[in-house]
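What follows is a set of notes on a single structure, which appears directly below.
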There are 2 protein chains.
Amino acid sequence: MKQAKKKIFQEFIAAKGLKSTRQRDIILDVFLSSDRHLSIEELYLKLRAKHPGIGYATVYRTLKLFAESGIAREIHFGDGQTRYEHLAAGEHHDHLVCTGCGTIVEFENEAIEQLQDEIAAGYGFLIKNHKLELYGLCAKCRG
Amino acid sequence: MKQAKKKIFQEFIAAKGLKSTRQRDIILDVFLSSDRHLSIEELYLKLRAKHPGIGYATVYRTLKLFAESGIAREIHFGDGQTRYEHLAAGEHHDHLVCTGCGTIVEFENEAIEQLQDEIAAGYGFLIKNHKLELYGLCAKCRG
DNA sequence: GCCATAATTGAAAGTGATTTTCAATATACA
DNA sequence: TGTATATTGAAAATCACTTTCAATTATGGC
Ligand SMILES: [Mn+2]
Ligand SMILES: [Mn+2]
Ligand SMILES: [Zn+2]
Ligand SMILES: [Zn+2]
């Protein structure tokens with residue numbers, strides 16, 4: 001899993017004529033062993049703990065590359081921070097976000113995806129991607 | 001329709017101990033007579049055309065109040081600009097966004113909303129609001 | 001290995017959108 | 001009216017990135 005993503009990234013790097021660097025390896029390692037939905041800031045702090053030399057700009061740049069290579073996806077939950085989550089090829093899911101404690105639940109629903117396509121088709125649209133986020137309170141936070 | 005929203009906003013202002021001002025009236029007027037999904041910048045420029053004295057900060061602040069009062073909703077289509085659309089109480093819709101020309105189609109789908117509730121319930125969540133955006137190419141842009 | 005070439009890096013400066021500050025001004029209501 | 005309080009616009013500040021640039025590092029060919 002981790003290895004598969006590392007391989008995909010290495011191949012992406014090679015195919016683009018980019019270089020494999022110590023920093024990219026470290027960032028990928030830490031990223032893949034992190035919780036999903038980490039903000040860039042959170043990942044940066046986590047990185048700094050073990051690898052003090054890594055620059056902010058490098059983290060930003062590298063996460064973009066992860067997304068471009070297909071091993072990660074950029075997400076925005078409306079709090080002004082960009083987050084990245086690791087994602088396998090062909091995988092897709094949507095999110096349930098607790099506005100109380102920040103808990104995030106991932107779900108997939110084929111019926112909704114189907115309906116989305118039908119709606120789009122009805123308006124003549126060809127859908128490339130979509131964003132579905134449900135915000136509310138989790139069981140704990142409902143009190 | 002416009003009058004109803006004006007009334008709601010006036011009541012909101014009064015209930016909060018805020019004041020009714022010339023600027024708020026003007027901004028509300030221009031906002032309500034504008035296309036939906038205008039960015040703050042676009043609205044600001046439109047305002048400046050007839051009312052050169054209005055400040056940027058006032059527009060930002062006032063739009064926030066509109067959203068808080070329930071007559072408007074803040075939206076983000078991922079282009080880094082905040083937009084506001086006017087919305088009547090109890091009204092809800094989602095968006096289809098053409099990434100080619102920027103066209104936005106609004107739609108409602110009861111079946112999807114229903115499924116969302118079921119999913120949320122399945123995870124013990126109580127949904128407060130949601131965001132569903134379908135991105136792709138409109139009929140024209142598909143070429 | 002050693003070199004030339006091109007990509008990468010970190011620090012710092014720059015951006016763009018939005019927010020805050022603050023002194024002047026306007027509103028509400030006694 | 002008068003007075004307390006909210007509001008305003010301009011400018012400065014903030015926030016989350018993004019770009020610049022000189023120094024450093026990978027890579028591929030000898
Ligand atoms: Mn996720
Ligand atoms: Mn809309
Ligand atoms: Zn919660
Ligand atoms: Zn289009």
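Atom set for the values below is all heavy atoms of this structure, side chains included, hydrogens, waters and symmetry mates excluded. Proteins get letters first, then strands, A, B, ... in listed order; numbering begins at 1 in each.
- The phosphate of C:dT19 has neither OP1 nor OP2 within less than 4.0 Å of any side-chain N or O from B:Tyr60.
- Here A:Arg61 lies in heavy-atom contact (under 4.0 Å) with a base.
- The CD1-C1' distance, from B:Ile54 to C:dA26, rounds to 14 Å in whole Å.
- Distances shown here put a side-chain N or O of A:Arg24 below 4.0 Å from the OP1 or OP2 atom of C:dT9.
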Discussion item. Applying side-chain hydrogen bond (donor to acceptor under 3.5 Å, both in side chains) to A:Tyr135 and A:Glu133, what does each step give before you reach the verdict?
Written reply: CA-CA 6 Å; A:Tyr135 296 91; A:Glu133 284 149 20; 2.5 Å; yes
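- Rounded to a whole Å, the CG atom of A:Asp79 is 11 Å from the C1' atom of D:dA16.
- Taking the charged nitrogens against the carboxylate oxygens, A:Asp29 and A:Lys6 do have a contact shorter than 4.0 Å, which makes a salt bridge.
- The environment of NZ in B:Lys2 is crowded: more than 12 heavy-atom neighbours from other residues, nucleotides or ligands sit within 6.0 Å.
- As judged by a 4.0 angstrom heavy-atom cut-off over every strand, A:Gln81 is placed among residues touching the sugar-phosphate backbone only.
- Side chain B:Lys19 to base D:dT5: a donor-acceptor pair is found below 3.5 Å.
- B:Leu47 places its CG atom 14 Å from the C1' atom of D:dT8, with the value rounded to the nearest Å.
- Protein atom CD of A:Gln10 is 15 Å distant from nucleotide atom C1' of C:dA7, rounded to whole Å.
- Two different hydrophobic clusters hold A:Leu87 and A:Leu28 under the rule that ILVMFWY side chains link at heavy-atom gaps under 4.5 Å.
- At its two ends the helix from C:dG1-D:dC30 to C:dA30-D:dT1 runs along axes set 30° apart, each axis drawn from five pairs and the angle rounded to 10°.
- Nearest-nucleotide positions on DNA chain C place B:Arg83 closer to the 5' end than the other of B:Arg83 and B:Leu18.
- With respect to B:Glu68 and B:Lys16, a salt bridge is recorded, a charged nitrogen being found less than 4.0 Å from a carboxylate O.
- If you take CD of B:Glu42 and P of C:dT18, they are 11 Å apart, rounded to a whole angstrom.
- Rounded to a whole Å, the CD atom of A:Glu74 is 8 Å from the P atom of D:dC17.
- Put simply, A:Thr82 has a side-chain N or O that comes within less than 4.0 Å of OP1 or OP2 on D:dC17.
- The distance from atom CG of B:Leu63 to atom P of D:dT8 is 12 Å, rounded to the nearest whole Å.
- The backbone N or O of B:Val30 sits less than 3.5 Å from a side-chain atom of B:Ser33, completing a donor-acceptor pair.
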Worksheet item: Stepwise, does the ring pair (Phe, Tyr, Trp, His ring centres under 6.0 Å) test hold for A:Phe66 with A:Phe9?
Response: CA-CA 7 Å; A:Phe66 290 171; A:Phe9 187 62; 4.9 Å; yes
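- Proximity of a side-chain donor or acceptor of B:Arg48 to a complementary backbone N or O of B:Ile54 within less than 3.5 Å is detected.
- As judged by a 4.0 angstrom heavy-atom cut-off over every strand, B:Lys16 is placed among residues making no nucleic acid contact.
- Contact annotation: A:Lys64 does not reach the phosphate of D:dC17 (side-chain N/O to OP1 or OP2, under 4.0 Å).
- For A:Thr21 and C:dA7, the shortest distance from a side-chain N or O to OP1 or OP2 is not below 4.0 Å.
- Judged by closest nucleotide on DNA chain D, B:Gly55 is the one of B:Gly55 and A:Ala57 placed further toward the 5' end.
- In this structure, B:His51 places its NE2 atom 16 Å from C1' of D:dG9, rounding to the nearest Å.
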